[in-house]
Structures are given as structure tokens and as C-alpha cells.
Amino acid sequence: MSTTLPTSIREARALLESKKMTAVELAKGYMERIQASDKDLHAYLEVYDDVLEQAKQADARIAKGETGPMLGVPIAVKDNILVKGKTASASSKMLESYVATYDATVITKLREAGAVFLGRTNMDEFAMGSSTESSAFGLTRNPRDPSRVPGGSSGGSAAAVAGDIAIAALGSDTGGSIRQPAAFCGVVGLKPTYGSVSRHGLMAMGSSLDVIGPLTHSVEDAETLFSVIRGRDAMDSTTIPDDRPFIEQKKVYTIGVPRSFLTKGVDPDVLAAFETGLKTLEKAGHNVVDITLPTIEYSLATYYIIMPAEVSANLARFDGVRYGLHKDGKDRTDDYRQSRGAGFGKEVRRRILLGTYVLSSGYYDAYYGKAMQARDRIRRDAREVFKKVDVIATPTAPTPAFKIGSKTSDPLAMYLEDVFTVSANIIGIPALSVPHGTAMRDGVELPVGFQLMAPELGESTLFSLGKVLTGEQA
Ligand code: GLN
């Protein structure tokens, strides 16, 4: 049975539609696979106890003649997205026993579309990290090489898709957390335009940067999942009105490459894979040109000021009183100290401290204020460049998947993983990572990710070019 299980949304839908397989059979098949291989991978923190019940409901809808792009399709959900009645912990001790009281908007939409939620996936605590090693509940292994990390923070979601224990998965991306794990695991990851997908029910990390998006086997599947979760939401005032049009598709695109930005600290194998990707695009008739983006190299520094500032404000709600873990101290202040000290891991505490510092009255102008100015400049520069090119291309990450434990004691080395991904979050534009080429390490061919960034609402451009790179479209 498991050998015939479909691995893409498209295949699954074809089988369900033609009645060659029921949603219950499909869900059962996936649960068996999870049982067989997730002991080693640890992509899931929990497999839900009502999967078959959900699948039964999907079958009932199919029997009534209903159809739809996600009806009966089993997917995984990152542990920072709320599913009513289920634990949502953001891989933190702070929320270990927190049960969501409502569905995130993306979950409501997917439930209406008939998707089957398999369970919640492991992640870096509160989405802070690039390796899933900062989870309070153990690490996740990369299905391509179990001695390596799956990337992060949506490492569980990427590993679930790459390991064929979910057809697709939801992740969240604040500075690369969908794209970098997608690149490390050899799957497709889309960070949508800021505000195109509702953040209602997503645990906030950096509210001006966060967005939910799909991790899938193909670009087509990412497009399908995105089309179901996107849209204006009254519960999130930053969502984009539905009548604002997406950028239309073209036949020939101009791809801009910020060459001078690609020289420092990038693995030669990653660069070689990136060059073959550019050739693939050229062969398909598109134009590749060099561009200069003088401020893009300040993105990482800007991100690591704005993000912790927002983190420190967003995580203030975890005070041991309103949510999650509570520890008794000597007095109320000590209650906070004890609860937050015991509930948050090292990386989360580091970022709260950093954020509190850059927002403190004596340093606000020097750090946070400056970073906001830099953000404006980076945005303006990008807008200028997008007058000349349709997309900007870079590798997704400077390295292929690294060994478990190799960067945990060096936070700055970990932060450098985000050098190519954070710009899209700073600017608010969509970006797609697709697997293209490999890097050989210890006899294993590790996947490499190719990143494309488009202007706001340029998702269809990303899908067209992404399909050329994956071979889904000539
Ligand atoms: N790796 C980045 C960080 O640690 C991105 C996190 C994210 O996108 N959630 O901040």
C-alpha cells in the first residue's frame, strides 16, 4: 500500500477524484509511514488523534460530489500555528501544555477546503533559529542525511515533506524559516508577499516580518496551497485587500543577479549550483543581467535589530500569568523572572535581551531608529531595481545543510545562514526557494536551494520561473 501512496497534492487529488483511493486510505497510509520513519527523523511533535475522523469527513464530502484542490489531502502544520483544541507549543517549554482555543485563519480556510491535518511539526523555539536545534523537545534530522540539520526554523515541516511523511506542510517565515529549510531538505518553499496570508492565529515573532507559507514537493503544489490560504482577513488588519491584483505573467522575464553580494562567505558548490540555475533560466529564453543593490548587504544587520526588537515586545505576553508555564517566586517580579527563566530557552532569552536593549531609551536612536532608516533605504533600492528586472536571484542559503551541533555554540555563524533570505522579509516581497543542483558532502548529494524574489504580489512570476528550474515547465 505505502509504495503506491501519492507524494504530491496533484497526484493525491487525482487518485481521490477518480475514487482509486479514499481519503481514509490516504491518511492511514501516511500515518503508517510516520510510525515507520518519524522515530528517526522526529519531524512531528505530535500526530493528531482525529486524523482518520477528519479523513472520513473528507470522504463524505467527496461522496457528495464535492471537489476542491485540497479536499482529502493530508498535510502537516508548524507548531506555532493554532489548531483549535490541539496543543500549540512553538517548541517551547513555556507553552508545552497550551491548547489553542481557536483556529488560525489559514487553518479555517484549509478546513473549509477539506484538508486533513496530520499533526504539528518541530521547529526552533518561537521560530528563532536556522537548524531546529533550539526546539525544547529535541532535534529533527535531515531526511537526505540524518547526521545533518533540516534547517530552520520550519525544519520539522521541511523534513516531513522531504521524508514523504506529509504531502505538504505549513511553515512560517520571518527571516527565511520556510525557504532555508526547504533548501536544506530539497523541497519547494514559498514566503508569500507580506499581508497576502493572514497572521491571525500565528504566534507572533516579528509582526512586521512574519508570514505563513507552504512547503511542498513541487512549485505547482506550492501554488495550490497558497491559493487556498491567501486573502484579506478582517482578523488581521495588515492583510492586503483582495481586489489588489497580482502581477500578471509574462513570456520572457529579466532576472537580476546582485553579483557583488554573492562573493563573501558563500560555499563554492552552492555558487556552482546557482550558476547552473541561471543557465537553465537562460536556456528557457529568459534574460539574466547583473544588478547592483548597494544596500542589500545591510539587510542582515538591519534584520537582527528590528526582529529582536519586535520579539521582545511580542514575547512580553508570556509572563507566567496569562499563558503557559508558571513558577512561583518571592514576589510578583520574581514570578516573572522564574517563569520566563524556566520557560524560555537560551536563544529566545538572548533575543529578548537584545531587543530590549535596542529599544531602551538611551540606545533607541542609535539602533532601532537607525535600523528603521536602513529598512527604508533597502526598500527604496529594491523598488528602483524592480524597474529594470522582474526578479532578483540569489542562492537561498550560503551553505548546504550543516552537521548537527556544528553551529550551536556560535550564534553569529547561525545568523549568517540568513544572509540571503532576510531581505525579502525586510522589504515585504515574495520569495521562492526551489531545489536546483547538489553539493557533495561525505559521499552524499545534498540539495541546494535557488532563491527568486519578486516585487509585492509577484507570486505568479515566481511560480513561472520556479517551474522552469524544477523542470515542471520548459
Ligand atoms: N533564521 C532566522 C532567525 O533565526 C529566521 C527565523 C524565521 O524566519 N522565523 O531569525
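One-based numbering, in listed order, for ligands and for the atoms of each.
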Next on the checklist: With side chain to side chain contact (heavy atoms under 4.5 Å, CB included) as the test, pick out the partner of Phe126 among Thr174, Ile352, Leu95, Asn314.
Outcome noted: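 In the set Thr174, Ile352, Leu95, Asn314, the residue that makes a side chain to side chain contact (heavy atoms under 4.5 Å, CB included) with Phe126 is Leu95.
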Checklist entry - Tell me, which pairs form a side-chain hydrogen bond (donor to acceptor under 3.5 Å, both in side chains) where one or both residues lie in residues 374-387, sequence neighbours left out? => result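 Only Ser208-Arg375, Thr295-Asp381, Glu384-Lys387 qualify under side-chain hydrogen bond (donor to acceptor under 3.5 Å, both in side chains).
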Distances under 3.5 Å, N/O of ligand 1 against N/O of the protein: list each pair and its distance.
{"unit_1": "ligand 1", "atom_1": "1 (N)", "unit_2": "Gly129", "atom_2": "O", "d": "3.0"}
{"unit_1": "ligand 1", "atom_1": "1 (N)", "unit_2": "Ser130", "atom_2": "OG", "d": "2.9"}
{"unit_1": "ligand 1", "atom_1": "1 (N)", "unit_2": "Asp418", "atom_2": "OD1", "d": "3.0"}
{"unit_1": "ligand 1", "atom_1": "1 (N)", "unit_2": "Asp418", "atom_2": "OD2", "d": "3.1"}
{"unit_1": "ligand 1", "atom_1": "4 (O)", "unit_2": "Gly129", "atom_2": "N", "d": "2.9"}
{"unit_1": "ligand 1", "atom_1": "4 (O)", "unit_2": "Tyr304", "atom_2": "OH", "d": "3.4"}
{"unit_1": "ligand 1", "atom_1": "4 (O)", "unit_2": "Arg351", "atom_2": "NH1", "d": "3.3"}
{"unit_1": "ligand 1", "atom_1": "4 (O)", "unit_2": "Arg351", "atom_2": "NH2", "d": "2.9"}
{"unit_1": "ligand 1", "atom_1": "8 (O)", "unit_2": "Thr174", "atom_2": "N", "d": "2.7"}
{"unit_1": "ligand 1", "atom_1": "8 (O)", "unit_2": "Gly175", "atom_2": "N", "d": "2.6"}
{"unit_1": "ligand 1", "atom_1": "8 (O)", "unit_2": "Gly176", "atom_2": "N", "d": "3.3"}
{"unit_1": "ligand 1", "atom_1": "8 (O)", "unit_2": "Ser177", "atom_2": "N", "d": "3.0"}
{"unit_1": "ligand 1", "atom_1": "8 (O)", "unit_2": "Ser177", "atom_2": "OG", "d": "2.7"}
{"unit_1": "ligand 1", "atom_1": "9 (N)", "unit_2": "Ala127", "atom_2": "O", "d": "2.9"}
{"unit_1": "ligand 1", "atom_1": "9 (N)", "unit_2": "Thr174", "atom_2": "OG1", "d": "3.4"}
{"unit_1": "ligand 1", "atom_1": "9 (N)", "unit_2": "Ser177", "atom_2": "OG", "d": "2.7"}
{"unit_1": "ligand 1", "atom_1": "10 (O)", "unit_2": "Tyr303", "atom_2": "OH", "d": "2.7"}
{"unit_1": "ligand 1", "atom_1": "10 (O)", "unit_2": "Arg351", "atom_2": "NH1", "d": "2.8"}

Checklist entry - Name the one of Arg10, Arg230, Lys467 that satisfies salt bridge (Lys or Arg N to Asp or Glu O under 4.0 Å) with Glu223? => result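 Single pass found, and it is Lys467.
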Item to check | Met128 and Met205, any side-chain heavy atoms less than 4.5 Å apart | outcome: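 Side chain of Met205 against side chain of Met128, heavy atoms only: contact under 4.5 Å found.
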Checklist entry - Any side-chain heavy atom of Pro245 within less than 4.5 Å of one from Leu457? => result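 With C-beta onward as the side chain, the pair stays apart.
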Next on the checklist: Tell me whether Lys86 forms a cation-pi arrangement with Tyr48, defined as NZ or CZ under 6.0 Å from the six-membered ring centre and within 45 degrees of its axis.
Outcome noted: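 Positive - Lys86 is close enough to the ring of Tyr48 and near enough to its axis.
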